[in-house]
Colleague: 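After the structure tokens below, expect a handful of questions from me.
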Amino acid sequence: MPELPEVETVVRLLRPSLIGHAITGTEVYWVRSIVPPEPLLFAGRLRDRVILDMGRRGKWVVVTLGGGDTLLVHLRMSGRLMLESGVRTADERHLRVRFLLDDGRALSFVDPRKFGRVVLTSRPDEVLGNLGPEPLEADFTVTHFGKLLTRRRGRIKTLLLDQTFIAGLGNIYTDEALWRAGIHPLRETNSLSHTENERLYRAIREVLSEAIAGGGTTLADQSYRQPDGRRGEFADALAVYGRAGQPCLHCGTIIERLRLGQRSSYYCPVCQKF
DNA sequence: CAACCGACCTGTTCGC
DNA sequence: TGCGAACAGGTCGGTT
């Protein structure tokens with residue numbers, strides 16, 4: 001579910017109220033949610049660690065702890081991080097890991113589908129090192145993007161979903177960026193013109209920035225919420241994702257859906273010619 | 001290498 | 001109403 005904007009939204013909201021607090025206990029309810037999968041060692045290593053910082057790299061939440069360890073959280077399809085003030089958990093049934101804090105609050109990792117992971121490591125680069133550039137960073141320039149593109153082949157959408165090529169894009173925002181850039185998802189990467197490269201670069205940065213400003217995207221199933229419970233308002237701004245059968249906001253043509261691997265892609269057959 | 005498929009999991013919606 | 005199929009924001013490993 002969560003892509004870069006949703007993870008960024010979560011981090012921005014949680015960070016100020018977590019920094020400086022210590023973890024006093026860790027409860028593991030689903031062993032495979034943690035790495036390494038040893039609840040006693042995991043909890044022991046986290047006890048009394050102070051949260052020094054919290055950030056994001058691609059779709060990973062990065063929690064820097066005192067003592068040299070780092071906690072990496074990937075929400076995958078259905079994971080959520082929620083800060084709770086009491087003993088109660090909003091979603092007890094899907095609670096996988098809970099971190100108790102020194103002030104009585106708790107940070108809960110809730111994940112119905114159990115795909116998400118909480119990784120405790122002293123070497124975060126072993127996990128994060130293979131990620132491609134951060135699309136919103138200043139050093140990610142249009143020149144840089146163009147150079148990366150010319151070296152690659154295959155379908156453009158597949159490439160944008162590859163986290164080692166560029167970090168943070170998922171199924172929603174690749175479709176939105178390709179629509180904004182007027183590029184068909186199945187276009188061969190090496191067939192893109194210089195102009196198309198530039199349009200794609202701008203589209204990626206704009207759609208991600210706007211989505212962050214809107215607090216991410218909450219779809220009809222409501223599975224993503226901001227940590228404070230509010231919905232992500234960028235759902236109202238989606239131009240193609242999930243809109244098969246509805247008119248293109250630009251030209252009125254009916255939006256189509258195709259299969260790429262086992263995933264859906266939404267596009268306008270007129271604005272995004274093959 | 002690029003493309004595709006099944007796994008990993010549970011929950012919800014769709015179609016008959 | 002009931003019930004199986006299809007589908008879901010992600011990623012990995014194995015096969016063609």
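Values below: all heavy atoms of this structure, side chains included; hydrogens, waters and symmetry mates excluded. Note that the coordinates shown come from a computational prediction; the quantities given were computed from them, not determined experimentally. Throughout, protein chains are lettered first and strands after them, A, B, ... in sequence-line order, and every chain is numbered starting at 1.
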Colleague: At less than 4.0 Å, is any side-chain N or O atom of A:S78 found next to OP1 or OP2 of C:dA8? Yes or no.
Modeller: no
Colleague: Respond yes when some side-chain nitrogen or oxygen of A:R76 is under 4.0 Å from OP1 or OP2 of C:dA8, and no when none is.
Modeller: no
Colleague: Base of C:dG10, side chain of A:Q163 - is there a donor-acceptor contact under 3.5 Å?
Modeller: no
Colleague: Could you tell me whether A:R180 and A:E176 have a side-chain N and a carboxylate O separated by less than 4.0 Å?
Modeller: no
Colleague: By nearest atom, which of the nucleotides C:dT11, C:dC7, B:dC9 is closest to the A:R257 side chain?
Modeller: C:dC7
Colleague: Please check the phosphate of C:dG10 (OP1 and OP2 only) for any side-chain N or O of A:K59 closer than 4.0 Å.
Modeller: yes
Colleague: Between A:Y266 and A:Q272, do the side chains contain an N or O donor and an N or O acceptor separated by less than 3.5 Å?
Modeller: no
Colleague: Give one of base, sugar-phosphate or nothing for A:L161, where a contact means two heavy atoms less than 4.0 Å apart.
Modeller: nothing
Colleague: Looking only at side-chain N and O atoms, does A:R263 come under 4.0 Å of OP1 or OP2 in B:dA3?
Modeller: no
Colleague: Check whether the side chains of A:S108 and A:E84 place a donor and an acceptor atom closer than 3.5 Å, and report yes or no.
Modeller: yes
Colleague: Does a donor on one side chain sit under 3.5 Å from an acceptor on the other, for A:S78 and A:Y224?
Modeller: no
Colleague: Hey, does the side-chain of A:R113 have a donor or acceptor N/O within less than 3.5 Å of a partner on the base of C:dA8?
Modeller: yes
Colleague: Among the nucleotides B:dC8, B:dC5, C:dG9, which one has an atom lying closest to any side-chain atom of A:Q262?
Modeller: B:dC5
Colleague: So, A:R117 and A:D111, do they make that salt bridge, N to O below 4.0 Å?
Modeller: no
Colleague: I'd like the P distance from C:dC7 over to B:dC4, given in whole Å.
Modeller: 16 Å
Colleague: For residues A:F140 and A:Y201, establish whether the separation of their ring centroids is below 6.0 Å.
Modeller: yes
Colleague: What does A:Y241 touch in the nucleic acid at a heavy-atom separation under 4.0 angstrom: a base, only the sugar-phosphate, or nothing?
Modeller: sugar-phosphate
Colleague: Give me the distance, rounded to whole Å, that separates C:dA6 from B:dC5 when you measure between the P atoms they each carry.
Modeller: 14 Å
Colleague: For A:R152, report the nucleic acid contact type (base, sugar-phosphate, nothing); a contact means any heavy atom under 4.0 Å.
Modeller: nothing
Colleague: Counting only side-chain heavy atoms from C-beta out, which of B:dC9, C:dC7, C:dG9 sits nearest to A:E3?
Modeller: C:dG9
Colleague: Measuring only between side-chain heavy atoms, which start at C-beta, is A:S209 closer than 4.5 Å to A:L136?
Modeller: yes
Colleague: Would you indicate, yes or no, if C:dG10 has its OP1 or OP2 atom less than 4.0 angstrom from a side-chain nitrogen or oxygen of A:H74?
Modeller: no
Colleague: Do A:H94 and A:D91 get their side chains close enough for a donor-acceptor pair, meaning under 3.5 Å?
Modeller: yes
Colleague: Return no unless some side-chain N or O of A:K114 is found under 4.0 Å from OP1 or OP2 of B:dT10.
Modeller: yes
Colleague: A:H94 side chain N/O closer than 4.0 Å to the phosphate oxygens (OP1, OP2) of B:dC9?
Modeller: no
Colleague: State the dot-bracket string of DNA chain C. Criteria: Watson-Crick or G-U wobble, both atom distances under 3.5 angstrom; notation: ( ) intrastrand, [ ] crossing earlier pairs, | interstrand, . unpaired.
Modeller: .|||||||.|||||||
Colleague: Which nucleotide wins on minimum distance to the side chain of A:R155, given the candidates B:dA3, C:dA8, B:dC9?
Modeller: B:dA3
Colleague: Would you say A:R93 places a side-chain N or O within less than 4.0 Å of OP1 or OP2 belonging to B:dG11?
Modeller: yes
Colleague: Quantified in whole Å, what is the P atom distance between nucleotide C:dT11 and nucleotide B:dG11?
Modeller: 22 Å
